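From a predicted model like this one, the values you see are computed outputs, not experimental measurements. So that the names make sense, note that chain A is the first sequence line, chain B the second, and so on, each numbered from 1.
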Number of protein chains: 2
Amino acid sequence: MGRRHDHSDIESRMERKERTRHALLSSTLRLLSKHSFESISLREVTRESGITPTAFYRHFEGMEDLGLALVDEAFGSLHDMVRAARSDTSTYDDVIRRSVQIVVTHVREHRDHMRFIARERYGGVRRLRRVIRTELDLFANELAVDLSRFPELAGWTRSDRQMFADLLVEIVVSAVGRLTEAHPEEEGELARRIEKQLRLVVIGVPGWRSQPEKRSGQASGAPMAQERGLEPSAK
Amino acid sequence: MGRRHDHSDIESRMERKERTRHALLSSTLRLLSKHSFESISLREVTRESGITPTAFYRHFEGMEDLGLALVDEAFGSLHDMVRAARSDTSTYDDVIRRSVQIVVTHVREHRDHMRFIARERYGGVRRLRRVIRTELDLFANELAVDLSRFPELAGWTRSDRQMFADLLVEIVVSAVGRLTEAHPEEEGELARRIEKQLRLVVIGVPGWRSQPEKRSGQASGAPMAQERGLEPSAK
DNA sequence: GGCTTCAGTAAACATATGTGCACTATAAGA
DNA sequence: TCTTATAGTGCACATATGTTTACTGAAGCC
């Protein structure tokens, strides 16, 4: 047995490895608060983590690999949050207010992770962009399923529900991006605004006439309200 | 006079300078299609432009300075687009469809500029983020003014109109980000989706009850529809 | 035509980078 | 207790970076 005396300050090999792996990840996350992922060098990360550059390769094949691990981490906690939020809906009075609250809290507690996602969503590393996009699409899909529980939305086309879920996710993710770079005192106002925006979007729901994709040619009959848009009062 | 013979292949000094300046900008833009701004080196840019690294300093103080110039360029063409779109509203039948069309076309013709904005909006360079944010806020403000021409929105609080304009801008900018990295064949579907999303948002407008900010304490009376949100059908 | 201005060059610098190779120390396993 | 596996070190390398310093050549101006 490796551990002859059970002194708690003796680490098993795995424990130690896991510890420095985590150090690498969180060092990167720290650096990411000031720089884009692509501009962070392997050596910077190891310096920040207190190990030699060569030891890096015991944990990751290279920076891109580490980046993917970060995406996993970030979406891991996000999934936890969403699961909590979903199970919460049984005893709510106002879904929107509550959801926004949860998001704000999550950003506050996982600022670096959220900034990472918001930043690298359109960042310079193709692979990261793709993985993040995929994860977000997954969220939207889950949300679309949840939405069919609402009677107003049950009659909608599947594709329309997708479109709606996508819109909601987009709004929230944008808000997360802005929250991560907001000063604490702006946080409240930002939260109130996004709440209003979500509310406004939801209000439109009963007025939406979901229809199967038009097959071809021009639509027949009078133009629907939702296809005409608003009319200006004056010229 | 510098130009003794009026041969067209003799450049004036200014012309030449402007030409390599432009080369620097467009080279960077080209590199930007594959990498984040922060990860692009000054030497890379000069290599791509066909000049020596030292000559760079005849045009910009450093990469950040060049970045700011790029933001100017990008928003320059954007402003042109918006102006065109606004003056267009006198003779339209469907604002939304038309606007989306204009945006899609603009992205197609200025893909690199638009990608730059979408990418650096939350990118690694603080200064760039701030300038881009400011410009976008400006757009939202203008839009908010335009919106007051619509009778449904004239009665709204100024802050609610801002909130609404902000939402529209956010939706469009997100869409631009996705358009810039979409394959040509996905473009149509993306366009259709964003059109629907905008329509859905607009539909909610007549249902919105804009009120002055609540001063304090809890709201009195029955909860408004827009504060209750949707209710799920089953537990 | 001759003097000035200035966009661009050439060489050099100190410093940073990613990665390969040989090594060491210690936990794990026999 | 002796052997093996492996996380981490140290050194070396080729190559890349931002910036300085002294320069060249042609356009601009009198």
Side-chain angles (χ1 to χ4, degrees), chain A residues 1-28 31-32 34-69 124-125 127-128, chain B residues 1-28 31-32 34-69 124-125 127-128:
Chain A
M1 244 243 276
R3 118 175 20 192
R4 296 162 204 232
H5 328 80
D6 233 272
H7 287 162
S8 56
D9 56 345
I10 288 190
E11 290 177 311
S12 86
R13 237 175 194 176
M14 258 189 44
E15 282 168 349
R16 176 156 175 70
K17 179 161 189 183
E18 178 50 35
R19 198 168 54 103
T20 76
R21 186 190 132 98
H22 182 263
L24 286 169
L25 289 171
S26 68
S27 294
T28 307
L31 294 169
L32 268 166
K34 295 229 154 212
H35 301 281
S36 71
F37 180 80
E38 209 186 358
S39 72
I40 297 176
S41 72
L42 184 151
R43 284 181 111 109
E44 258 179 306
V45 172
T46 57
R47 225 177 292 135
E48 186 84 4
S49 308
I51 64 168
T52 29
T54 34
F56 179 97
Y57 296 102
R58 301 282 179 203
H59 302 272
F60 303 101
E61 290 185 7
M63 281 299 287
E64 182 173 303
D65 191 23
L66 183 151
L68 293 174
V125 184
R127 191 94 174 272
L128 289 187
Chain B
M1 242 242 275
R3 122 176 13 194
R4 294 157 207 235
H5 328 79
D6 232 272
H7 287 163
S8 55
D9 57 344
I10 287 190
E11 291 177 309
S12 86
R13 238 178 191 175
M14 259 188 47
E15 282 168 347
R16 176 154 176 69
K17 180 163 189 183
E18 179 49 36
R19 198 168 56 103
T20 77
R21 186 190 132 100
H22 182 262
L24 285 169
L25 290 172
S26 68
S27 294
T28 308
L31 293 169
L32 231 15
K34 295 228 154 213
H35 301 280
S36 72
F37 181 80
E38 208 185 359
S39 72
I40 296 176
S41 71
L42 184 151
R43 286 181 109 108
E44 258 179 305
V45 173
T46 56
R47 225 177 293 134
E48 187 83 4
S49 308
I51 64 168
T52 30
T54 34
F56 179 97
Y57 296 102
R58 300 283 180 202
H59 302 270
F60 303 101
E61 291 186 6
M63 280 300 286
E64 182 172 303
D65 191 22
L66 182 151
L68 293 174
V125 184
R127 190 93 175 272
L128 254 40

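Computed from coordinates, the Arg16(A) CZ to dT6(D) P distance equals 16 Å when rounded to whole Å. The nearest whole Å value for the distance from the NE2 atom in His59(B) to the C1' atom in dG8(C) is 8 Å. Atom CE of Met63(A) and atom P of dT19(C) are 11 Å apart (whole Å). Rounding to whole angstrom units, NZ of residue Lys17(B) and P of dA7(C) are separated by 4 Å. For the pair Ile40(A) CD1 and dG18(C) P, the computed distance is 11 Å after rounding to whole Å. Per the geometry, OH belonging to Tyr57(B) stands 12 Å off P belonging to dT21(D), to the nearest Å. Rounded to an integer number of Å, the gap from CD of Glu15(B) to P of dG8(C) is 13 Å. Rounded to an integer number of Å, the gap from CZ of Phe56(A) to P of dT17(C) is 13 Å.
Not counting sequence neighbours, the partners of Ser39(A) by the side chain to side chain contact (heavy atoms under 4.5 Å, CB included) test are His35(A), Ser36(A), Glu38(B), Ser39(B). Residues satisfying the salt bridge (charged side-chain N to carboxylate O under 4.0 Å, His left out) criterion with Glu48(B), sequence neighbours excluded, are Arg30(B). Under the side chain to side chain contact (heavy atoms under 4.5 Å, CB included) criterion, Arg13(B) pairs with no residue, sequence neighbours left out. With sequence neighbours excluded, the residues that form a side chain to side chain contact (heavy atoms under 4.5 Å, CB included) with Arg21(A) are Glu18(A), Leu25(A), His59(A), Phe60(A), Ala69(A). By the salt bridge (charged side-chain N to carboxylate O under 4.0 Å, His left out) test, Arg127(A) pairs with Glu64(A), sequence neighbours left out. In terms of the side chain to side chain contact (heavy atoms under 4.5 Å, CB included) criterion, residue partners of Thr54(A) (sequence neighbours excluded) are, by chain and number, Thr52(A).
Residues Ile51(B) and Leu24(B) have side chains in contact (heavy-atom distance under 4.5 Å, counting atoms from C-beta outward). Using a 4.5 Å heavy-atom threshold, the side chains of Val45(A) and Met63(A) count as touching. Arg19(A) places a side-chain heavy atom less than 4.5 Å from the side chain of Arg16(A).
In plain terms, the two heavy atoms of Thr28(A) and Ile40(A) that are nearest each other are O-CD1, 4.2 Å. Taking each heavy atom of Ala23(B) and Ser49(B) in turn, the nearest pair found is O-OG, 3.5 Å.
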Please enumerate all protein N or O atoms sitting under 3.5 Å from an N or O of nucleotides 22-26 of chain C, with distances to 0.1 Å.
from, atom 1, to, atom 2, distance (Å)
dT26(C), O2, Arg13(A), NH2, 3.4

Show the distances under 3.5 angstrom between N or O atoms of the protein and N or O atoms of nucleotides 15-17 of chain D.
from, atom 1, to, atom 2, distance (Å)
dT17(D), OP1, Ser41(B), OG, 2.8
dT17(D), OP1, Arg47(B), NH2, 3.4
dT17(D), OP2, Arg47(B), NH2, 2.3

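Overall bending of the helix from dG1(C)-dC30(D) to dA30(C)-dT1(D), expressed as the angle between end axes built from five pairs apiece, is 20° (10° steps).
The stretch residues 19-27 of chain B has no heavy atom under 4.0 angstrom from DNA chain D at all. Of the residues in residues 48-55 of chain B, those placing a heavy atom less than 4.0 Å from an atom of DNA chain C are Ile51(B), Thr52(B), Thr54(B), Ala55(B), in numerical order.
Taken from OG in Ser12(A) to CE in Met14(A), the straight-line distance is 6.0 Å, to the nearest 0.5 Å. From Leu31(B), atom CG reaches atom OG of Ser26(B) across 9.5 Å, with rounding to the nearest 0.5 Å. One distance of note links OG1 of Thr20(A) with NE2 of His22(A); it measures 11.0 Å at 0.5 Å rounding.
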